[in-house]
Structure formats: structure tokens, C-alpha cells
Amino acid sequence: MAIALIIPDRKLEDLQQRLQHALPTTRIEIWPALTNPAEITFAVLWKQPAGVVATLPGLKALQSFGAGVDGILADTSLPPLPLARIVDPALTAAMLQYLTGIESYYRLRLDTFTAQQQQKQWQPKSSRKLQNIMRAGIRGTGYCGSVTFSAARLSG
């Protein structure tokens with residue numbers, strides 16, 4: 001058994017070492033430097049080049065390196081294999097914090113105050129009402145999207 005990390009444009013040596021430590025009898029390789037592509041049985045993917053998965057005839061399963069799988073499924077040459085994604089409450093919490101920050105940025109008029117600061121002006125303004133300034137769409141109904149939708153409903 002061998003695992004391929006197919007995650008272009010990232011330094012993967014640390015991940016490779018941690019996986020190798022956790023799975024000492026499994027070969028962990030970083031694409032494109034695969035020693036024997038036919039022996040790869042599991043691939044961890046993120047923004048993989050189109051067609052690369054189809055070049056691994058021994059694959060039994062795929063794992064997304066992130067929460068989403070849209071980029072993986074966009075590959076029209078993808079063989080019919082089980083595909084797992086990451087469900088991580090810490091990732092979801094970080095995403096909700098980010099969205100809360102964006103909401104506060106606009107509600108508190110930080111965009112306006114940043115522009116005023118650059119012009120060395122100060123014209124106080126009250127906070128915006130979110131109903132008047134912001135509409136957001138949630139793309140996807142997976143774990144992150146569902147939690148985001150629930151949080152948005154609770155906040156008004």
C-alpha cells in the first residue's frame with residue numbers, strides 16, 4: 001500500500017513525515033515524484049491537475065485535503081472511487097470567526113473609517129444595519145455550509 005499526496009504548490013514534506021510516523025509500514029509519496037504509480041492505493045487531493053488521478057490504476061479511495069470536494073469532482077476523468085472530505089469543527093469555527101469579522105467590518109463602517117484615515121479625516125458615523133447593507137450566499141449544504149446557515153439564522 002502507498003499513499004500519494006497530490007497537492008500542487010504546497011510544501012508537503014512535514015505532512016509526509018507526520019503521516020509516515022503514524023503509518024510506518026505505508027509508503028507516503030509526494031506527487032509528481034511517485035516511484036511506482038501502480039502501487040498507489042490512496043490519494044490525498046487538493047487542486048489536483050485534471051487527469052492525474054486516472055493515471056493511478058491501483059487507487060481504491062480518495063481523500064480531499066480540505067472540506068470541499070468541488071475541485072476534485074470537476075475532473076471529468078475521475079474514476080468512480082470512494083471520496084472522503086474533512087469535517088473539522090476547528091476549521092468550521094475559524095470560518096465562522098472570519099465571517100463574523102467581515103460582518104463587523106461592514107457593520108462598523110471600518111471601510112469608511114479606513115478611507116477617512118488615509119485622507120486624514122474623521123467624520124463619525126453610526127453603525128450600519130445589516131439588513132440594509134449585506135446579503136450573503138452560502139454555497140454548499142455540507143458541514144461548514146450548514147453550520148454557517150444556522151449561525152446566520154441565529155444572529156438575525
Table please: side-chain donor-acceptor pairs of residues 7-17 below 3.5 Å, with sequence neighbours left out.
from: Asp14; atom 1: OD2; to: Arg18; atom 2: NE; distance (Å): 3.1
from: Asp14; atom 1: OD2; to: Arg18; atom 2: NH2; distance (Å): 3.4
from: Gln16; atom 1: NE2; to: Ile28; atom 2: O; distance (Å): 2.7

query: How long is the span from the CE atom in Met95 to the OG1 atom in Thr100, to the nearest 0.5 Å?
result: 10.0 Å

message: Are Leu108 and Tyr98 linked, directly or through intermediate hydrophobic residues, by side-chain heavy-atom contacts shorter than 4.5 Å (ILVMFWY only)?
response: yes

field: Residues clustering with Leu91 (ILVMFWY side chains joined when closer than 4.5 Å, directly or via others)
entry: none

message: I need the minimum non-hydrogen distance between Ser64 and Arg85, along with the two atoms involved.
response: CB-CA, 4.1 Å

field: Remaining members of hydrophobic cluster (4.5 Å side-chain criterion), Leu81
entry: Ile6, Trp31, Leu34, Ile40, Leu45, Val52, Val53, Leu56, Leu59, Leu62, Val69, Ile72, Leu73, Leu78, Leu83

- line: With sequence neighbours left out, the residues meeting ring-ring contact (aromatic ring centres under 6.0 Å, His included) with Phe113 are Trp122

field: Pair listing, salt bridge (charged side-chain N to carboxylate O under 4.0 Å, His left out) test, anchored in residues 36-63, at least two apart
entry: Arg27-Glu39

field: Side-chain (Gln123) to main-chain (Gln116) donor-acceptor, under 3.5 angstrom
entry: no

query: Atom OH of Tyr105 and atom CG of Leu99: how far apart are they, to the nearest 0.5 Å?
result: 15.5 Å

message: Please enumerate all residues that pass side chain to side chain donor-acceptor pair (under 3.5 Å) together with Ser77, with sequence neighbours excluded.
response: Asp75

task: Using atom types as modelled and distance alone, determine if a side-chain donor or acceptor of Gln20 lies under 3.5 Å from a backbone N or O of Thr26.
output: yes

